[in-house]
Amino acid sequence: MAYDHKQIDAKWQQRWEKAQTFKAEDPRKTTKPKYYALDMFPYPSGYGLHVGHLASYTPTDVVSRYKRARGFNVLHPMGYDSFGLPAEQFAIQTGIHPAVTTEKAIESFRSTLKTMGYSFDWPREVSTCDPKFYKWTQFIFTKLFERGLAYQKEVPVNWCPALRTVLANEEVIDGKSERGGHPVIRVPMKQWMLKITDYAERLLADLDKVDWLERTKEAQRNWIGKSEGANVFFGIQGSTEKFEIFTTRPDTLFGVTFMVLSPEHPLLTKGSGIVPASHRASVDDYQAKASAKSEVDRKAATEKTGVFTGAYAIHPFNGKSIPIWTADYVLVDYGTGAIMAVPGHDERDYEFAQTFGLEIKRVIDGGDLPFTGEGKLVNSDFLDGLDQPAALKRAIEEVEKRKIGTRNIQYKLRDWLFSRQRYWGEPFPVVRFPSGDLKTVPVNELPVLLPEVADYQPSEKGEAPLARNQDWVQYADGGRRETDTMPGSAGSSWYFLRYCDPHNDDAFCDFDLQKYWMPVDLYVGGAEHTVGHLLYSRFWQKVLFDAGLVSHDEPFQKLAHQGVILGPDGERMSKSRGNVVNPDSVREQYGADVLRAYVMFLGPMDADKPWQENGIGGVQRFLDRLWRAAVSEDGASIADSAALPEELNKLLHKTIKKVGDDLDAMAFNTAISALMILLNEVYKASSHSKLVLMPLVQMVAPFAPHVAEELWEKMGGEGFVALAPWPKFDSALTVDSVVSIGVQVNGKSRGVIEIDKDASEEAAVAAALSVPSVQNAMGGKPADKVIYKAGRILNLIVKS
RNA sequence: GCCCCGGUGGCGAAAUUGGUAGACGCACAGGACUUAAAAUCCUGAGUCUCGAGCAAUCGGACGUGCCGGUUCAAGUCCGGCCCGGGGCACCA
């Protein structure tokens with residue numbers, strides 16, 4: 001008989017709630033070590049919770065429950081990243097206020113999360129669109145502003161005409177919007193920017209402090225994109241002006257045969273004077289063409305384009321004149337927007353030189369041009385004969401000595417585009433006064449509430465909906481409020497701090513409380529947030545650290561990513577493919593415990609794996625079998641206190657060890673398989689003993705908490721199994737004295753012997769020789785050599 | 001192009017880090033129980049137009065994407081490829 005999961009799930013969810021079983025303890029009233037287990041909070045979409053959420057929240061919940069049983073004071077909260085585009089798009093279509101649809105979606109998420117039996121500390125729930133929350137998002141913005149890290153700038157931005165908003169670099173994938181896949185073009189607009197570039201070096205260096213997957217760290221390193229080199233000044237012929245280039249290869253300075261300025265370079269603007277009248281028209285023409293190109297077109301360009309400007313630069317070492325070109329393969333917003341071209345040793349410069357028939361000069365000995373490897377310098381004056389690395393060092397020294405440039409470091413990371421011309425986001429706590437002064441509003445005026453507007457649609461020119469509420473825009477002394485809103489990633493960049501002290505009206509978080517709980521000990525979420533959310537959060541944490549408001553400079557000590565759960569067909573779940581699995585219907589049928597345990601048993605948590613519905617039956621059988629081992633047909637407990645057979649007792653201790661090790665390593669699938677093996681042996685031994693069933697139920701509890709509580713209660717366990725101390729093992733019982741080891745003859749497996757784990761070589765060989773298949777393989781000859789590792793392997797070598 | 005992951009039965013996957021490859025589960029087959037079915041319990045099973053035997057069974061060869069290497073011993077280490085997934089990409 002199967003247990004009644006509907007009744008049991010509801011019963012224990014109510015009891016946990018009533019007893020506040022999962023409430024984190026007050027740090028001032030406990031001596032327990034802390035453990036902060038966090039999920040990336042969901043965007044509460046109207047579609048409800050999907051299996052991807054379960055793949056993330058279930059492992060975190062298993063770890064939280066395990067850590068509680070292990071004596072940790074666990075903080076395991078949940079909340080909602082509730083500002084964002086979908087609710088706003090829906091509002092534009094229907095006129096329903098996004099707050100209404102968002103609240104409805106949150107209710108749906110909350111109820112689904114509760115029916116899964118997740119051990120969240122519910123009273124700590126946060127929602128980024130709640131004024132009590134975004135008050136502090138605005139407060140943190142004022143801190144950024146005060147520290148000179150928030151500024152407005154006319155910048156070429158990623159403008160998405162379909163969404164009528166600008167997007168951050170991280171939100172643009174291959175020239176299209178991350179959300180919706182609409183085309184994105186580059187247009188200049190005045191925007192709020194956050195100076196994340198000031199933190200580039202620390203964001204890079206501090207990756208060494210955290211326990212993240214190497215590939216995630218590597219992706220952040222790539223995104224930050226550090227390059228070391230030098231800025232070098234080149235003079236301009238017939239002018240007193242100079243211009244600066246950035247290069248990582250000053251060793252190739254003598255290989256320069258032309259210079260390239262990006263089309264947007266200030267020296268090329270009308271009236272700057274370096275472009276002679278004879279070339280003005282063609283430069284103008286080229287600039288116009290380049291600016292008309294979208295980011296996508298620029299990237300898709302197969303051939304290099306450019307024009308000669310008519311001007312010449314002067315080589316800082318040998319005074320030779322070098323033609324200056326302009327081309328759009330040089331980007332205005334990286335380095336200085338100008339380069340020295342060394343076609344002999346750079347593939348892009350080589351391609352450009354080939355296209356326009358420019359000189360290509362070798363300065364490093366080696367393979368075919370363009371040669372980017374190492375070798376000895378040639379045709380390079382004082383660098384001749386040096387190896388490339390030595391030449392690089394020497395060249396930088398010489399540049400600095402002659403004061404024609406300085407060593408320099410460049411990052412690919414750009415400042416964070418922080419404003420959106422949208423409605424459903426945090427208003428900026430900023431006012432512009434007639435004098436032109438820009439000021440943040442006083443802290444006691446926070447939160448700056450999001451005003452009501454008649455129409456949520458942004459204007460085609462990019463003016464934000466908030467501008468329509470003129471009453472709201474007016475501020476004292478003729479000031480006008482900023483009408484842009486913050487991007488979705490604002491609230492998510494610090495919400496993990498709010499959980500430490502969620503109801504504080506005087507501070508975003510009490511200093512001592514964050515000092516106790518932070519950093520997050522385990523953070524689980526999708527790998528797609530690698531360069532967005534995870535980088536922004538690290539940045540804000542560091543800013544708050546520098547402001548003395550938090551005590552740690554990294555927010556997430558350990559990070560894990562859940563794999564993608566694919567459809568039963570092995571393809572990514574999508575509505576168009578029709579392979580989307582709805583977790584609600586699965587839970588209805590099998591119960592929360594089976595669903596949770598199944599998700600954990602599917603495979604390694606970080607692997608992408610298909611959802612195979614028929615596999616659920618195996619997990620369901622396992623929990624039913626556990627139930628039947630302890631409970632009779634009429635629902636009474638049949639557990640007794642009989643002593644365990646020796647073998648079963650040993651297996652119990654081995655299992656306690658293995659499950660603990662596996663949980664520490666987040667190897668949930670193998671932990672469950674160990675529990676299955678133990679239960680199978682319980683059946684074979686026909687045991688109903690509490691001595692094995694109670695610890696087994698305790699170990700099952702993190703995965704299947706409802707049925708575990710019910711069994712624990714029936715067997716007379718004290719209190720909640722969720723809070724019962726984790727079972728201990730006797731290490732003496734976890735090792736077998738007699739083991740079966742493989743016997744090989746000439747390296748091939750030929751049999752197995754049962755032997756004392758410390759048996760001597762003589763004993764092992766004797767035992768092996770009595771095995772017929774071993775004798776057979778040896779063909780009657782003696783062993784010429786014996787390799788024996790006690791308890792592991794015996795290999796007999798026979799010369800043919 | 002560069003940088004990461006990954007590739008093991010019909011399927012999801014294990015494998016103490018070089019030591020009996022395929023634990024556990026699904027699906028499958030056989031048996032027990034049953035009037036029958038479901039459920040349950042027990043048992044079997046990598047592949048082979050390989051060999052012996054009436055048979056249960058016993059033995060052999062092959063086997064972790066491909067080729068080569070190191071080693072007594074390779075899924076695991078090394079070199080060279082192929083395939084799948086992800087990230088970066090005109091960043092000087």
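Proteins come first, then strands; the chains are lettered A, B, ... in the order of their sequence lines, and each starts at number 1. Since we're looking at a predicted model, the values are computed, not measured.
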From the options [options], select the nucleotide whose nearest atom is closest to the side chain of [X].
X: M676(A); options: C24(B), G12(B), C41(B); answer: C24(B)
X: R621(A); options: C72(B), A92(B), A27(B); answer: A27(B)
X: R792(A); options: G12(B), C42(B), U17(B); answer: U17(B)
X: S749(A); options: G12(B), U20(B), A92(B); answer: U20(B)
X: N776(A); options: C11(B), U43(B), G60(B); answer: G60(B)
X: N795(A); options: G19(B), C3(B), A23(B); answer: G19(B)
X: I787(A); options: U20(B), U40(B), C72(B); answer: C72(B)
X: F246(A); options: A92(B), A23(B), U20(B); answer: A92(B)
X: R215(A); options: C5(B), C62(B), G60(B); answer: C5(B)
X: I793(A); options: C90(B), G19(B), C24(B); answer: G19(B)

Euclidean distance for [atom1], [N] against [M] (whole angstrom):
N: C11(B); M: A74(B); atom1: C1'; result: 26 Å
N: U16(B); M: U20(B); atom1: C1'; result: 14 Å
N: G31(B); M: G84(B); atom1: P; result: 46 Å
N: G12(B); M: G19(B); atom1: P; result: 25 Å
N: G22(B); M: U64(B); atom1: C1'; result: 9 Å

Check whether any side-chain nitrogen or oxygen of Y334(A) sits under 4.0 Å from OP1 or OP2 of A92(B), and answer yes or no.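 Looking at the OP1 and OP2 atoms of A92(B), one of them is under 4.0 Å from a side-chain N or O of Y334(A).
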So, is K748(A) close to the U20(B) phosphate, meaning a side-chain N or O under 4.0 Å from OP1 or OP2?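 Result: no.
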[X] [atom1] to [N] [atom2]: how many Å, rounded?
X: I741(A); N: A73(B); atom1: CD1; atom2: C1'; value: 14 Å
X: W212(A); N: C5(B); atom1: CH2; atom2: P; value: 17 Å
X: R750(A); N: A73(B); atom1: CZ; atom2: P; value: 14 Å
X: R414(A); N: A89(B); atom1: CZ; atom2: P; value: 9 Å
X: D608(A); N: G86(B); atom1: CG; atom2: P; value: 9 Å
X: K609(A); N: C5(B); atom1: NZ; atom2: P; value: 19 Å
X: D624(A); N: G25(B); atom1: CG; atom2: P; value: 14 Å
X: D606(A); N: G12(B); atom1: CG; atom2: P; value: 17 Å

Quick one: closest heavy-atom pair of I787(A) and I797(A), and the distance?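 Looking at all heavy atoms of both residues, the closest pair is CD1-CG1, 4.3 Å.
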With a 4.0 Å cut-off on heavy atoms, is [X] in touch with a base, just the backbone sugar-phosphate, or nothing at all?
X: N669(A); answer: sugar-phosphate
X: T216(A); answer: nothing
X: N680(A); answer: sugar-phosphate
X: R625(A); answer: sugar-phosphate
X: E218(A); answer: sugar-phosphate
X: P604(A); answer: sugar-phosphate

Would you confirm whether N669(A), through its side chain, and F601(A), through its main-chain N or O, come within 3.5 Å as a donor-acceptor pair?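 Here the side-chain-to-backbone pair does not exist.
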H315(A) side chain to L253(A) backbone, donor-acceptor under 3.5 Å: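 Present.
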May I ask you to check if K304(A) and F352(A) form a cation-pi contact, with NZ or CZ under 6.0 angstrom from the six-membered ring centre and within 45° of the axis?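 K304(A) over F352(A) ring: no.
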Map T248(A) and N222(A) onto RNA chain B by nearest heavy atom, then report which one ends up closer to the 5' terminus.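 Its nearest nucleotide lies further toward 5', so the answer is N222(A).
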Based on the glycosidic angle (syn within 90° of 0, else anti), state the conformation of G79(B).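 Because its glycosidic torsion lies more than 90° from 0, G79(B) adopts the anti conformation.
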Are the charged groups of K654(A) and D736(A) less than 4.0 angstrom apart, N to O?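 Between D736(A) and K654(A) there is a salt bridge, with a charged N closer than 4.0 Å to a carboxylate O.
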Electrostatic pair E218(A):R215(A) at N-O distance under 4.0 angstrom: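 A salt bridge is absent here (no side-chain N lies under 4.0 Å from a carboxylate O).
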Candidate pair W325(A) and Y286(A), rule ring-ring contact (aromatic ring centres under 6.0 Å, His included), full reasoning: CA-CA 11 Å; W325(A) 287 64; Y286(A) 186 74; 9.7 Å; no
